[in-house]
Asker: 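The structure follows.
Start at 1 with the first residue, then count along the sequence. As the structure lists them, so they are numbered: ligands from 1, and atoms in each ligand from 1. Computed from heavy atoms alone, side chains included, the values below leave out hydrogens, waters and symmetry copies.
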Amino acid sequence: MTTDAADLKFRDPETARELADDLADLMAEVDQPVEIMHVCGSHEQVIAEFGLRSMLPDDLSITMGPGCPVCVTNMPEVDEAVALAEAGKTVATYGDMFRVPGTVRSLADAKAAGADVEVVYSASEAVELAEETGEDVVFFATGFETTAAPTAAVLQADPPENFYVLSAHKYVPPAMEVVAEMPDTDVDGFLAAGHAATITGYGLFEEFVAEYDLPVVVGGFEPVDVLYGLRRLLEFVVEGEGGLDNAYPRCVSREGNETAMAAIREVFERTSGEWRGIADIPDANFVLCDEYAEYSARRAFDVEAVEGEADPLTQECICGDIMAGTASPDECDLFGEECTPSNPVGACMVSDEGTCKIHYEYGGQPDL
Ligand code: SF4
């Protein structure tokens with residue numbers, strides 16, 4: 001076990017094999033099944049794309065938790081965006097949100113029916129749209145801390161009066177607490193998302209570790225980063241104790257990006273809210289605080305209910321169980337049949353970070 005986080009060669013096969021050997025040695029010491037949960041679609045992508053599960057000892061499993069921001073955006077939040085588009089507002093949002101089903105329709109459906117829905121790459125592009133058109137532009141703002149920070153920054157920069165935010169931003173740590181407390185989950189440790197921790201700092205997880213006595217390791221997004229993060233987690237498991245480590249020191253510090261966090265704290269307050277299919281999670285939704293309420297689309301406009309019949313197939317979607325780590329896409333009767341990336345029934349099949357789409361593209365455990 002000589003590899004150090006600071007010396008990782010991102011895709012070096014020899015290092016990967018050494019780390020896989022380390023994992024096997026550590027699992028022999030544990031002598032019982034171990035389940036690690038990651039909470040990041042980017043981690044699932046690298047795990048699936050590089051077939052990392054095939055390198056793991058049999059009793060070590062990695063499941064994906066509520067780490068896809070598009071997938072956890074609740075249907076009523078999508079409905080609000082659809083209703084605003086159908087009411088004549090220009091709705092700007094990230095590309096991944098475009099086809100996510102609401103209760104009745106997606107934003108893509110609304111656009112096909114004539115609504116003005118624009119895909120943007122950033123919050124500032126949505127502001128530019130408002131400046132250029134002079135029309136009311138509602139930025140449907142989704143994602144975790146990594147996208148909440150730029151949303152906060154554009155609001156701090158005094159955007160035009162015709163720019164509004166429909167915030168569906170979410171905050172990950174409370175969701176980890178909910179998952180850790182779910183009776184059906186048996187998670188032995190969390191691999192935390194390196195990009196979110198770049199903003200929040202890894203110190204954010206100290207409270208969680210103290211409360212739940214579980215190991216948390218912040219990991220990067222190359223294959224060797226993930227294997228190294230798993231090794232650190234197993235070392236904690238072998239010791240039989242919780243603990244926190246930063247396995248992504250080339251990007252993540254204990255404090256994170258203090259300017260970005262200050263912007264989030266100034267613009268948003270946290271409130272309880274439903275994450276799609278998972279639970280009502282305390283303090284896990286970002287909404288605009290009073291000082292920025294003038295930009296709130298919810299406050300500025302009456303959002304009517306979306307009319308129409310819900311697709312009955314959505315009742316069979318088990319995205320919530322998948323994001324809670326208690327089911328895999330293979331257990332969904334619709335996977336690869338009625339539900340495919342070109343015809344998604346649930347949000348997990350839409351986003352590039354959705355577990356179902358990743359499993360559809362790469363297979364859950366490719367045989368390398
Ligand atoms: Fe939902 Fe489709 Fe995944 Fe099934 S395969 S859980 S319907 S997104």
Asker: Name the one of L129, V117, T133 that satisfies side-chain contact (heavy atoms from CB on, under 4.5 Å) with T90?
Answerer: L129
Asker: When you measure from the side chain of N74 to the backbone N and O of P76, does any donor-acceptor pair fall under 3.5 Å?
Answerer: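 Between the backbone of P76 and the side chain of N74 there is no qualifying donor-acceptor contact (under 3.5 Å).
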Asker: Please tell me whether Q45 and Y362 have a donor and an acceptor in their side chains that are separated by less than 3.5 angstrom.
Answerer: no
Asker: Can you list every pair that meets salt bridge (charged side-chain N to carboxylate O under 4.0 Å, His left out) and has a residue in residues 76-94, with sequence neighbours left out?
Answerer: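 For residues 76-94: E77-K170, E80-R298, E86-R105, K89-D136.
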Asker: List for me each residue that meets disulfide bond (SG atoms under 2.5 Å apart) alongside C40, sequence neighbours excluded, and say none if there are none.
Answerer: none
Asker: Can you count the protein N/O/S atoms lying under 2.8 Å from atom 4 (Fe) of ligand 1, leaving waters out?
Answerer: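 Under the 2.8 Å cut-off, the count stands at 1.
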Asker: Please enumerate all residues that pass salt bridge (Lys or Arg N to Asp or Glu O under 4.0 Å) together with D245, with sequence neighbours excluded.
Answerer: R232
